[in-house]
Number of protein chains: 2
Amino acid sequence: MDKFASMRAFTQVIESGGFAAAARTMGVSRSTVNKLVINLEDELKVQLLQRSTRQVNPTPTGLAFYERCVNILAEVEAAELAVSQLQTEPKGTLKINAPMSFGTLHLGKAIAEFITQYPELQVQLTLDDRLIDPIAEGYDLTVRISQPETSPSLVCQAIAPVARVLCASSTYLAKHGVPQHPEELTEHSCLHYGQIVTGNQWQLSDREQEYRVTVKGTLCSNNGEVLRDAAVRGLGIALLPTFIIQQELDRETLAIVLPNYQPPALSLCLIYPLNRHLNTKIRLFTEFLRQKFGL
Amino acid sequence: MDKFASMRAFTQVIESGGFAAAARTMGVSRSTVNKLVINLEDELKVQLLQRSTRQVNPTPTGLAFYERCVNILAEVEAAELAVSQLQTEPKGTLKINAPMSFGTLHLGKAIAEFITQYPELQVQLTLDDRLIDPIAEGYDLTVRISQPETSPSLVCQAIAPVARVLCASSTYLAKHGVPQHPEELTEHSCLHYGQIVTGNQWQLSDREQEYRVTVKGTLCSNNGEVLRDAAVRGLGIALLPTFIIQQELDRETLAIVLPNYQPPALSLCLIYPLNRHLNTKIRLFTEFLRQKFGL
DNA sequence: ACATATTGTCTCAAATAATTCTACAATAAT
DNA sequence: ATTATTGTAGAATTATTTGAGACAATATGT
């Protein structure tokens with residue numbers, strides 16, 4: 001039996017001056033109001049209302065209880081309001097983790113724009129190219145450039161495709177020749193992500209076939225900008241997201257190699273805890289990013 | 001959905017540090033606690049608890065809501081406690097209405113004894129021989145000497161038989177003769193209750209038959225003691241409850257007339273509002289009276 | 001490293017409760 | 001007097017809650 005409903009019915013009867021009136025304002029039947037109040041009285045083992053067929057008056061005890069009920073109901077309402085406001089008005093800190101390159105090149109500006117909209121919100125951005133556990137490390141949102149991964153307790157949302165290209169400086173290409181086929185890459189000096197043994201498998205495909213090449217790396221790094229700068233200096237061929245080398249392509253300090261062969265698609269992924277009710281801070285920011293970086 | 005139950009479950013989960021622990025201390029299944037909390041979260045559209053398969057932690061919003069919940073639940077409990085104490089410990093005033101004669105002769109002493117047991121209780125005794133509406137005039141309890149009457153919204157409890165006898169002074173009887181049969185009363189001067197036209201019908205019966213006599217009254221009153229005193233002074237034959245004339249019978253200043261003919265039985269009646277939950281003040285006092293005046 | 005126990009959650013059938021409909025006696029209002 | 005409205009009671013329908021069992025995920029103990 002719902003004590004909360006009973007209390008509401010009881011106070012409403014007192015305020016409306018009758019069961020029928022209370023039922024009308026509450027939008028239920030008279031029986032319901034009646035039983036709700038009777039249940040309350042039975043539970044308390046107290047007569048709260050004195051009914052004389054046509055008139056309803058609170059007993060002294062009922063009046064005392066009414067005062068308290070009004071208080072309690074108001075406090076419940078206040079608590080719910082506070083929660084929903086806490087929820088709809090983003091406050092506090094939003095902890096974000098993102099890879100170095102994307103962070104410095106794009107996310108910084110986006111966040112700056114975002115926080116001007118929500119002055120109550122503080123953002124703590126951690127740039128890190130490690131793979132991290134967002135829950136264990138307490139991040140509200142993690143940004144990754146990767147293939148969408150699935151996991152329980154995490155939702156991974158791909159919001160934009162991230163194109164990657166092979167590229168090298170014109171000086172390097174002049175010196176070592178321009179490769180015309182993926183197989184030729186084994187003869188080149190390649191600059192790749194990650195560790196020597198893990199990131200040295202490049203996958204390229206044209207319309208018909210897929211080629212897996214194990215490249216020799218003169219330099220590998222977990223940071224794209226390092227690879228980009230190395231490529232600019234003519235150290236080799238790098239496989240890099242276009243957003244990192246856009247400027248270099250425009251200035252023609254880097255040139256695309258093997259343009260007819262595509263590496264596997266990556267995406268800009270947003271990773272956040274899977275919850276029944278998504279935090280507003282997170283929801284607002286992901287929406288903002290989705291709008292900002294397309295889809 | 002019972003909001004208080006949800007709030008209790010939620011607070012218990014936080015306090016016990018888990019759904020299973022909370023379920024154990026609440027004596028319900030894990031499913032129930034789970035659903036209760038989920039319902040609460042759904043209603044508020046907020047994630048209150050962050051669950052990671054083996055650990056439960058409140059979100060910042062959840063923590064804020066928890067504080068308020070604890071408050072609210074405490075207040076609910078306080079309100080219920082206050083009501084039940086207000087109910088079990090009789091305080092305030094008990095308004096009693098009783099007829100003059102019984103009031104002065106017996107009830108006064110009884111009430112004096114009663115209130116010594118309950119120092120918090122004040123009794124307001126109104127002696128009145130009018131027939132009154134206990135609810136309309138706001139009496140908690142009405143004492144009447146009458147035949148039990150039935151009524152909606154009132155309960156009439158006969159707690160003791162009240163014997164009545166015909167009586168007169170020896171001087172009167174010596175002067176006018178001792179009646180041997182009810183019919184002879186029409187020749188006598190009779191002292192009766194009420195008004196001239198309403199109380200002048202006396203009903204007497206022996207084992208075989210019932211006699212209705214319309215008596216001539218030289219004096220009628222709505223007060224038994226007036227009639228008694230008139231009878232003592234030899235003004236006529238009165239029909240009076242024994243408790244009014246006990247002393248006079250003992251002292252032989254009044255003698256019983258027609259002892260083989262009984263008037264209809266009356267009772268000492270307690271009349272109080274019919275309610276699902278009887279007020280403790282009333283309950284205690286009626287129990288006291290029932291114990292005092294027998295049954 | 002493996003097996004075991006415990007966690008939060010889900011689903012489904014059974015039990016339980018709530019709500020309305022209807023009827024009724026009592027009482028204001030007209 | 002008549003009419004309308006009140007609070008209440010019981011039956012029937014509807015909705016909800018409950019717990020058992022199953023499940024995947026994760027600690028814990030050996």
Side-chain angles (χ1 to χ4, degrees), chain A residues 1-10 12-14 16-43 47-59 62 133 135-136 150-155 273-277, chain B residues 1-10 12-14 16-43 47-59 62 133-136 149-155 273-277:
Chain A
M1 116 105 252
D2 191 344
K3 199 173 302 185
F4 186 74
S6 290
M7 283 166 79
R8 254 202 321 236
F10 167 62
Q12 191 58 244
V13 167
I14 289 194
S16 305
F19 284 70
R24 259 177 269 124
T25 67
M26 292 175 72
V28 293
S29 69
R30 277 173 295 157
S31 315
T32 301
V33 177
N34 186 29
K35 279 182 195 145
L36 245 25
V37 173
I38 285 180
N39 279 335
L40 193 60
E41 289 179 329
D42 283 352
E43 238 175 85
Q47 195 75 19
L48 293 173
L49 297 172
Q50 185 63 268
R51 297 88 148 157
S52 73
T53 323
R54 191 78 178 188
Q55 217 177 345
V56 176
N57 286 83
T59 63
D133 178 353
I135 292 180
T150 175
S151 139
S153 75
L154 280 182
V155 25
L274 168 60
N275 275 331
R276 193 177 300 271
H277 300 282
Chain B
M1 151 95 282
D2 192 343
K3 200 170 299 191
F4 288 139
S6 290
M7 287 166 82
R8 258 197 301 272
F10 167 62
Q12 192 57 244
V13 168
I14 290 195
S16 306
F19 285 68
R24 260 177 267 122
T25 66
M26 291 176 72
V28 292
S29 69
R30 277 174 295 155
S31 319
T32 301
V33 177
N34 187 29
K35 274 175 205 156
L36 245 26
V37 173
I38 285 181
N39 278 333
L40 193 60
E41 289 179 328
D42 283 351
E43 243 175 83
Q47 195 76 17
L48 294 172
L49 297 172
Q50 184 64 270
R51 298 92 149 154
S52 75
T53 322
R54 194 76 178 186
Q55 219 178 341
V56 175
N57 286 84
T59 64
D133 178 352
I135 293 180
E149 292 165 34
T150 177
S151 140
S153 77
L154 280 182
V155 26
L274 168 60
N275 276 332
R276 193 177 301 268
H277 302 282

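Just so you know, these numbers come straight off a predicted model, no measurement behind them.
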Practice prompt. Tell whether B:Lys35 reaches the base of D:dG19 with its side chain through a donor-acceptor pair below 3.5 angstrom.
Written response: yes
Item to complete: Report the distance from atom CZ of A:Arg276 to atom P of C:dT9, rounded to the nearest whole Å.
Response: 7 Å
Worksheet item: With a 4.5 Å limit on heavy-atom distance, are the side chains of A:Lys3 and A:Asn39 in contact?
Response: no
Item to complete: With DNA chain D as reference, determine whether A:Gly17 or B:Ser31 sits nearer its 5' end, using the nearest nucleotide of each.
Response: A:Gly17
Practice prompt. Figure out the CZ/P separation between A:Arg51 and D:dT8, and round it to whole Å.
Written response: 4 Å
Fill in: Between C:dT20 (C1') and A:Met26 (CE): distance, integer Å
15 Å
Discussion item. Given D:dG7, D:dT18, C:dT7, identify the nucleotide with an atom nearest to the side chain of A:Phe19.
Written reply: D:dG7
Worksheet item: Separation of B:Asn57 atom CG from C:dT7 atom P, in whole Å?
Response: 15 Å
Worksheet item: Side-chain contact, heavy-atom cut-off 4.5 Å: A:Leu36 with A:Met7?
Response: no
Fill in: Length of the line joining A:Asp42:CG and C:dA18:C1', which is rounded to integer Å
15 Å
Response to the item:
Rounded to whole Å, the CG-P distance (A:Leu40 to C:dA18) equals 12 Å
Discussion item. Rounded to the nearest 0.5 Å, what separates atom CZ in A:Arg276 from atom CZ in B:Arg51?
Written reply: 7.0 Å
Worksheet, complete the sentence: Residues passing the salt bridge (charged side-chain N to carboxylate O under 4.0 Å, His left out) test with A:Lys35, sequence neighbours excluded, are none
Item to complete: Please determine, for the side chain of B:Ile38, which listed nucleotide (D:dT6, C:dC10, C:dT20) has the closest atom?
Response: C:dC10
Fill in: Distance below 4.0 Å between A:Asn34 side-chain N/O and D:dG7 OP1 or OP2
no
Discussion item. At less than 4.0 Å, is any side-chain N or O atom of A:Thr32 found next to OP1 or OP2 of C:dA18? Yes or no.
Written reply: no
Worksheet item: Starting at CG of B:Leu36 and ending at P of C:dT9, how long is that distance when rounded to a whole Å?
Response: 13 Å
Item to complete: To the nearest Å, give me how far apart CD (A:Glu43) and C1' (C:dA18) are.
Response: 14 Å
Item to complete: Check B:Leu49 against B:Pro58 and note the closest heavy-atom contact, atom names and distance.
Response: CD2-CA, 3.9 Å
Response to the item:
Comparing nearest nucleotides in DNA chain C, the 5'-proximal residue of the pair A:Gln55, A:Arg30 is A:Arg30
